[in-house]
Every structure is written in C-alpha cells, then in structure tokens.
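Here's the structure, in structure tokens; my notes come after.
Letters go in sequence order (proteins before strands), and every chain restarts at 1.
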Amino acid sequence: MRLSAVNLTCQRGGREVFADVSFSVAAGELLAITGRNGAGKSSLLRIVVGLIRIAQGRLILEGGNPELSIGEQAHYLGHQDALKPALSVDENLRFWTGFLGGKGADAAQAIETVGLRDLGDLPAAYLSAGQRRRLSIARLIAVKRPMWLLDEPMNTLDAAAQDRLTALIRAHLAEGGLVLAATHGSLGIAGMQQLHLGEQDR
Amino acid sequence: MALGDLANPSRFLAFANRAIPWLGGLTVIVFAFGLNQAMLAPNDYQQGATVKIMYLHVPSAWLSMMAWAVMTVAALGTLVWRHPLADVAAKAAAPIGGAFALLCLITGSLWGRPEWGTYWVWDARLTSELVLFLLYLGVVALWRTVEDPARAARAAAILTLVGAIDLPIIKFSVDWWNTLHQGASFGLEGSTIYPTILFPLLIMAAAFMLLFATLQLAAMRNEILRRRVRTLRLMRARTAS
Amino acid sequence: MTPLGALLIRDMRISVRVGGGALIGVLFFLVVVALMPFAIGPNLLLLKRIGPAILWLAALLASLLALDRLFAADHDDGSLDLLLMGRAPLELVVATKALAHWLTTGLPLVIAAPVIGLLLNLDAADDAALVLTLLVGTPALTFIGMVGAAIAVALRRGGLLLAVLVLPLTVPVLIFGVAAAQSAFAGAAPFGTAFTILCALTLASLVVGPFAAAAALRQEIE
C-alpha cells in the first residue's frame with residue numbers, strides 16, 4: 001500500500017493555506033508533518049481523509065481497497081476527542097467500534113491496552129484530558145484500519161502514555177500500516193519521513 | 001439532638017435512617033384514621049359522595065404550596081447561609097412538590113367532572129395550581145440538566161426565589177383573568193366548612209404532612225448517598241493513571 | 001452491531017441521560033398549550049374549536065426548538081468528522097440521527113398530546129384524530145427541521161436561525177395536519193383527504209430531508 005500526494009493545494013476561506021505539497025508514504029512508513037502554527041498541518045490531514053475538498057493536485061492510494069475512499073480506510077485522530085460526556089467510557093468506545101464496523105470484544109481489549117479498564121463504567125465527563133485522549137486512541141486499536149492520521153497525537157498525554165502511544169504506532173507500522181502525523185515534537189520513532197510545511201512562504 | 005448537628009451529612013444520614021421507619025409507620029396510621037374519618041363524614045347534599053375527593057384534593061393543594069415554601073427556605077440556605085444540606089433539601093422537595101401538585105390537579109379534575117361535564121375547566125384555583133405544577137417541572141428539569149450538583153443548586157435556588165416572589169402575583173393575575181372572563185366558575189370549595197367536615201380534613205392534612213416529611217427525608221438520604229457515589233467515582237477517575 | 005444501529009442507540013441514550021433534555025420538549029409543549037387560554041380566554045367551546053390548531057402549533061415549535069443541537073453537538077466535539085468519514089452513507093447516518101431524535105422528542109409529544117388535549121376540552125374523537133395526525137406529521141417536522149439543523153451546524157445562535165429557516169418550510173405540514181385534526185368540526189375538509197396529503201408530505205420529507213441535510217453537512221464541514 002502506498003499513499004501519494006501530487007502538488008496538493010489547500011484553500012480555506014479564499015486564502016491559500018499551502019500549495020504544491022507532495023509526499024509519498026508506503027506501508028510500514030511514518031510521515032511526520034511539521035511546520036509553524038497555521039502552516040496547514042491539520043488541513044493537510046483533513047484533506048487526506050476527505051473532510052476538506054482538494055483545491056488542486058491529486059491524492060493517490062495504491063494497493064488499498066478500490067471500493068472505498070481513503071477516509072473510509074483511515075483512522076483520523078483530530079484535536080477533539082469525539083467523546084460524549086454523558087456516556088460511560090465503555091459506551092463511548094463501543095459506539096465508535098460499532099459505528100466503524102468492529103466487534104465488541106475488540107473494544108474490551110482496546111480499553112485494556114490504553115489502561116482505562118478500571119474506569120469503564122464512569123461517565124466520560126469525569127475523565128481528565130489525558131484520559132479522554134487515551135480513550136479516543138483506543139478506537140484506533142479496536143477497529144483495524146491500514147492508515148492512521150494523527151493530529152498532534154501526543155497532546156495532553158503524560159510521559160508514560162506517550163511511550164505507550166509510541167509503542168502502538170510502532171506496532172501499527174510493523175503490521176504494515178502507514179501513519180501520517182502532524183506534530184510539533186518528536187514521536188520517538190526512528191526512520192520517519194519528514195514533511196515541513198510553510199517553507200514556500202515568502 | 002440539636003438541629004445544628006444535622007448539618008453534618010453523616011449525622012443526618014444516621015438520623016434519617018432511624019427516623020424514616022417511625023415516620024413511615026406514623027404516616028400509615030394517621031392516613032388510615034384520616035381516611036376512615038373521611039368515609040364517615042357526611043355527604044354533600046348537592047354533590048353526594050363526590051365531595052369526599054376533597055379530603056385528598058385540599059391537602060394536596062396545601063402540601064404543593066408548602067413544598068415550594070420548603071424549597072424557598074432551602075434556596076436561602078444555599079445562597080445566603082451556604083448550609084451543606086440546603087441544596088439537598090431543595091432538590092429532594094422539587095419532585096415531591098410536583099407530585100402533590102399533580103395529585104391536586106388530578107383529584108380536582110375528577111371532582112369537577114360530574115359538576116362541569118368535562119375533566120377540565122379553567123377554574124381560577126385549578127389554573128393557578130397548573131402553573132405551580134409547570135414551575136415544579138421546570139425546577140426538576142433544571143436539576144436534571146446540570147450534572148454538577150453544586151452548580152445546579154445555585155441556579156435552582158435563584159429560580160426558586162424568583163418563583164416564590166412570582167407565585168402570589170401569578171395567583172392574583174389568574175384570579176383577575178378568571179373574573180374578567182366569568183368562565184363556568186362553580187368554585188370547588190364553596191360552602192362554609194362544618195366541624196364534621198373540618199375534622200377529617202385536618203387529620204388528612206396531618207397525614208399528608210407526615211407523608212411529605214417521610215418522602216422528603218428519604219429523598220434527602222438518597223440524594224446524599226447519590227452524591228457520595230458521584231464523589232467516589234470522580235475520585236476513582238482522578239486517582240487512576 | 002451494525003453502524004447505524006450503534007448510532008441510533010447512542011443518540012437515544014444521550015438524550016435520556018442527564019443534560020440530554022429528551023423530555024424538555026414535552027414540557028415546552030405543555031407550557032405553550034397551558035399559556036394559550038390566558039391569551040384567548042377560558043371559553044371551553046372556543047378552546048375545543050381551536051384546540052387542534054393550538055396543539056399542532058405547540059408541537060411544531062417544540063419539535064423545532066429541540067433540533068438545533070442535532071448536529072451541532074457532534075460538530076462541537078469532533079464526532080461529526082468521524083460520522084462524515086464513516087463507511088455508512090451520510091444520508092443514512094443523518095436519517096438515523098433524525099429517527100433517534102424523533103423517537104426521543106417527537107414520539108413523547110404524540111403520547112402526551114391526548115392528556116394535554118384534556119386542558120383544551122378535546123373529547124375522545126378529537127384526541128384520536130389529533131394523535132393520528134401528530135404521529136404521522138411530527139416525523140415530517142423532524143426531517144424538514146433536520147435540513148435547517150445541518151445548515152446552521154457551525155453557527156453561533158444557530159437555534160434562532162434554524163427556526164427562521166425552517167418554520168416557513170413547515171407550512172404545508174401545518175395546513176394539512178391541522179385540517180385533518182379539525183375535520184370533526186363542521187365546514188372542515190374531510191379527514192381522509194387531508195390525512196392522505198399529510199402522509200404524502202411526510203413520505204416526501206423522509207426522502208428529501210436526509211439528502212438535503214447530508215449535502216448541507218458536506219458543504220458546512222470545511
């Protein structure tokens with residue numbers, strides 16, 4: 001599987017966010033997208049999963065399921081956690097697992113992996129920001145998708161949780177997945193490709 | 001035991017656990033006696049046995065107003081004295097008051113049915129009671145909308161106080177509105193009250209008061225326990241890694 | 001569990017939890033109906049005559065006012081992104097959300113209507129006609145209102161805008177709903193005609209609403 005972008009241009013509200021961005025990521029590879037605030041890291045991820053329309057350029061997925069769009073084969077971990085405070089930790093994850101087409105048993109396993117098993121019955125409203133983030137990450141494990149698109153995945157995570165996420169990303173890469181991550185800092189993964197946005201600005 | 005001691009939720013729980021069975025038992029006894037007296041009371045020469053609905057209707061109306069008074073005191077307790085049990089009492093009283101208001105409306109419309117030929121007319125008293133019932137539902141809805149009890153308590157306290165000021169104005173306005181329209185006003189409590197009617201009525205009122213006290217204590221106990229569970233669960237989330 | 005089943009259960013669960021507000025719509029319905037006689041007067045014959053119209057208007061307002069959070073809540077917490085990306089067709093996703101919304105806010109209105117109808121001196125025949133028209137008509141209100149909710153999803157004060165956008169669109173439903181409900185009275189159109197047209201309006205809205213709302217969401221999300 002290989003995901004390539006050719007001369008992507010992103011426009012939002014009549015303003016050009018970035019232009020002529022190209023990259024190519026193969027199975028087992030990680031692309032770290034860096035750049036200052038407002039350079040369009042989040043926008044690039046949202047373009048890839050189809051939440052923003054492409055102004056110019058092309059996205060090509062080779063070796064994926066031709067029946068499905070790129071977004072339908074990807075996990076997107078945005079800034080927001082997509083959790084409902086009134087629902088319990090279990091209910092939140094079970095919903096996303098069910099909606100994304102996974103099995104309930106996988107949800108139970110995933111909640112164990114992110115270390116929230118003991119809190120399963122609590123409303124998500126009671127969780128700290130880091131715990132909410134981990135619950136949201138659990139969805140990536142519960143349902144298998146070959147592509148992960150992560151927007152500042154380390155945000156609000158403490159050191160231990162960051163290490164655990166790094167391990168999860170490594171495992172995903174080792175299974176032949178591919179990862180695009182917008183990040184400020186290091187992800188602690190050796191041999192990652194870098195894409196720096198915002199160079200073309202004057 | 002001094003009243004001040006009850007400010008401590010743990011002591012209040014111990015007190016409530018001991019008091020609830022006694023109060024409940026007393027309620028049953030007084031109710032039995034009151035209902036018996038109501039059965040023995042004379043029928044109305046116009047309305048026949050229907051008039052006996054009054055023994056449920058009138059105490060319900062009284063208690064529905066008293067519950068708002070309890071909530072008003074509790075609201076002051078929340079806002080002015082910051083008493084730890086005040087918002088527990090306020091939250092407990094709202095659904096009970098609402099239930100008494102509903103009971104008053106139902107018995108009122110059943111009582112009115114043979115007189116009016118319909119379950120509901122916009123009689124001044126019943127209409128005021130309906131507005132009171134709506135206010136109770138609003139307070140209950142407010143308690144159910146805000147998850148954090150401390151925040152809900154302050155909002156509900158302000159609403160309760162505004163309601164307490166507005167209720168007499170509502171009553172006055174509805175009376176004025178009703179006389180303006182001169183609707184089919186039979187008036188449920190028309191005739192002067194004889195001692196043979198008054199005595200069972202007062203017993204029933206006492207029974208309703210006891211019922212209210214029992215329910216209020218039980219609801220406060222439940223609410224305190226519910227809050228403890230909530231605190232424990234919050235702490236579990238805090239202390240987990 | 002199928003994706004849409006999971007969504008249906010989630011939305012219904014949220015609306016009955018603390019802060020969900022499933023029954024506030026019914027309370028609003030009751031309050032509006034209870035206020036009418038203060039403006040109109042307590043004349044029972046008059047109230048009986050205009051009762052179905054009052055109840056229909058109140059049901060219309062109650063079902064629209066509850067709609068503004070239909071997509072906005074999912075938009076605010078990022079869930080909407082994932083719903084848009086999912087493998088389930090967006091049209092079916094929004095239809096499922098609307099169905100969950102109707103089951104928790106529209107259906108309680110239908111159930112409460114006969115009880116509230118007592119306040120307006122409606123008798124059993126009126127109540128039956130009213131319940132039937134509301135049962136058939138309120139889904140149309142939800143599915144038309146859903147389009148407005150999708151258009152206003154990212155806007156502040158979306159609720160007010162929603163009402164302004166959608167209320168004119170509900171005119172046909174109101175006309176035929178009230179006409180069918182009032183057919184017990186002399187001079188009104190026969191029940192069957194109005195009721196059949198009401199059914200047709202609902203079926204049309206069940207088809208058009210999801211497509212329009214899905215299209216609006218795809219535009220708005222950018």
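Remark: A/Glu62 CD is packed, more than 12 non-hydrogen atoms of other residues, nucleotides or ligands lying under 6.0 Å away.
Proximity to chain A is limited to the backbone of C/Asp76, based on heavy atoms less than 4.5 angstrom apart. Only the side chain of A/Arg145 comes within less than 4.5 Å of a heavy atom in chain C; its backbone stays farther off. The part of A/Leu83 that comes within reach of chain C is its backbone (N, CA, C, O), which places non-hydrogen atoms under 4.5 angstrom from that chain. Using a 4.5 Å cut-off between heavy atoms, A/Leu87 touches chain C through backbone and side chain atoms alike. Using a 4.5 Å cut-off between heavy atoms, A/Arg94 makes no contact with chain C at all.
Atom CD1 of residue C/Ile9 and atom OG1 of residue C/Thr96 lie 11.5 Å apart, to the nearest 0.5 angstrom. Atom CG in C/Leu132 sits 8.0 Å away from atom SG in C/Cys199 (nearest 0.5 Å).
Per-residue heavy-atom pair counts under 4.5 Å with chain C were compared for A/Ala86, A/Gly78, A/Ser136, A/Pro85, and the maximum is reached by A/Ala86.
Considering only heavy atoms from C-beta on, C/Trp56 comes within 4.5 Å of C/Thr133 through its side chain.
Residues meeting the side chain to side chain donor-acceptor pair (under 3.5 Å) test with A/Asp163, sequence neighbours left out: none.
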